[in-house]
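Heads up, the thing below is written out as structure tokens.
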Amino acid sequence: MANDAANIKELEACRDKLQACRDGSGKTDAASIVSIFRAMSKVSVSVQSLRATGVAKEANHVFFRNNPDIQVREACAKLIASWKEIGLAKRPATPPVAETLPPALASGKGEEEAPMKPSKEKRTADVTKPDKTEKAKRSKKTEEKVGDTPNAELAAQFKELASHEFKKGGTSKFAGIAFNKVVAILNGLEQKVTSGSSIAHLPGIGKETVKKIDQYLEKGIIDKLERIRNGEED
């Protein structure tokens, strides 16, 4: 029991550190974030402790899953995968409600009744049927997720800037990459951005990005994007 209490306390501390990383009150560099994920990977967890602390939801937040830094994304994915395995390994054949995985880790559908054996025609259709439907579903889910974020409209402006830079090709692709990082950061924030300076401390948000954010918040447009749309800038 003492060990369980200590593990829960450590998980809660890690959860609070991750929250601080997201809201900017803590260290936001990739190395610090990765160190938190590594610390959590060393803590002995159970389905009950994950549910009690809410750490799974925090660790699986879009800010970390879609972080511009690949090391953060990989550390997040690795930890969540290991926690899923723990939950599945401990799940009984008919799990009681208290033993189910936390919502943040739950994946896939529950057990379903065995379907009837499809006809020969159905099996042939399934083999030849393209996966466009599945791709469309994934695309729709992604759009819904972006649309639900408080900074979706602002992020869309930078997404359009990124697309323009990628179309230009050559060295412009680096500007496109930088704009896409801004998109990921904006979509990972839970609070609506009220000024460029409010997120200037985040990695990937430079002076020019702050300027563009302020332009959009003040005028509803970004000057550079407006010139591009009017054909006044290559």
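Nothing fancy with the numbering, it's 1 onward along the sequence. Bear in mind the structure is a predicted one, so any value in this text is a computation, not a measurement.
The two residues Ala184 and Pro68 have their closest heavy-atom pair at CB-CG, 4.4 Å. Smallest separation of non-hydrogen atoms from Ile33 and Lys27: CG1-O, 4.5 Å. What you find for Ile80 and Ala56 is that their closest heavy atoms are CD1-O, 4.2 Å. The heavy-atom pair separating Gly176 from Phe166 by the smallest distance is C-CZ, 3.5 Å.
Panel note: side chain Glu160, backbone Ala156; no donor-acceptor pair is recorded below 3.5 Å. With hydrogens and angles ignored, the 3.5 Å screen pairs no side-chain donor or acceptor of Asn60 with any backbone N or O of Arg65.
Both Val183 and Leu217 are members of a single hydrophobic cluster when ILVMFWY side chains are connected at heavy-atom separations under 4.5 Å. Linking Ile, Leu, Val, Met, Phe, Trp and Tyr residues whenever their side-chain heavy atoms come within less than 4.5 Å leaves Ile8 and Ile36 in two separate clusters.
Within the structure, ring-ring contact (aromatic ring centres under 6.0 Å, His included) contacts touching residues 9-34 (residues at least two apart or in different chains) do not occur. Sorted by first and then second residue, the ring-ring contact (aromatic ring centres under 6.0 Å, His included) pairs involving residues 168-216 (not counting sequence neighbours) form an empty list. Legend: salt bridge (charged side-chain N to carboxylate O under 4.0 Å, His left out) pairs involving residues 188-202, not counting sequence neighbours, sorted by first then second residue: Arg22-Glu190. For residues 28-40, the side-chain hydrogen bond (donor to acceptor under 3.5 Å, both in side chains) pairs, not counting sequence neighbours, are Asp29-Ser32.
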Only pairs under 3.5 Å count here: list side-chain donor-acceptor contacts from residues 12-19, not counting sequence neighbours, and write none if there are none.
{"unit_1": "Arg15", "atom_1": "NH1", "unit_2": "Thr53", "atom_2": "O", "d": "2.7"}

Side chains of residues 202-213: which donor-acceptor partners sit under 3.5 Å, not counting sequence neighbours?
none

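Note that CD1 of Ile222 and CD of Gln157 are 5.5 Å apart. Values are rounded to the nearest 0.5 Å.
Proximity of Phe158 to Leu225: side-chain heavy atoms (C-beta onward) are nowhere separated by under 4.5 Å. The shortest side-chain heavy-atom distance between Asn7 and Ser49 does not fall under the 4.5 Å cut-off. Side-chain atoms of Asn66 and Asn187, non-hydrogen and from C-beta on, never get closer than 4.5 Å to each other. Here the side chains of Ile228 and Leu161 are in contact, with some heavy-atom distance below 4.5 Å.
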Worked verdict on Leu186 versus Thr149 for side-chain contact (heavy atoms from CB on, under 4.5 Å): CA-CA 8 Å; Leu186 291 173; Thr149 62; over 6 Å; no

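Applying the ring pair (Phe, Tyr, Trp, His ring centres under 6.0 Å) rule to Phe64 yields the partners Phe37; only residues at least two apart in sequence or on another chain are considered. For Asp223, the side chain to side chain donor-acceptor pair (under 3.5 Å) test picks out Gln215, Lys219, with sequence neighbours left out. Listed by chain and number, the residues in a side chain to side chain donor-acceptor pair (under 3.5 Å) with Lys159 are Asn180 (sequence neighbours excluded). For Asp23, the side chain to side chain donor-acceptor pair (under 3.5 Å) partners are Ser25, not counting sequence neighbours. Under the side chain to side chain donor-acceptor pair (under 3.5 Å) criterion, Ser197 pairs with Ser195, sequence neighbours left out. When the side-chain contact (heavy atoms from CB on, under 4.5 Å) test is applied to Gln71, the partners found at least two apart in sequence or on another chain are Val34, Asp69.
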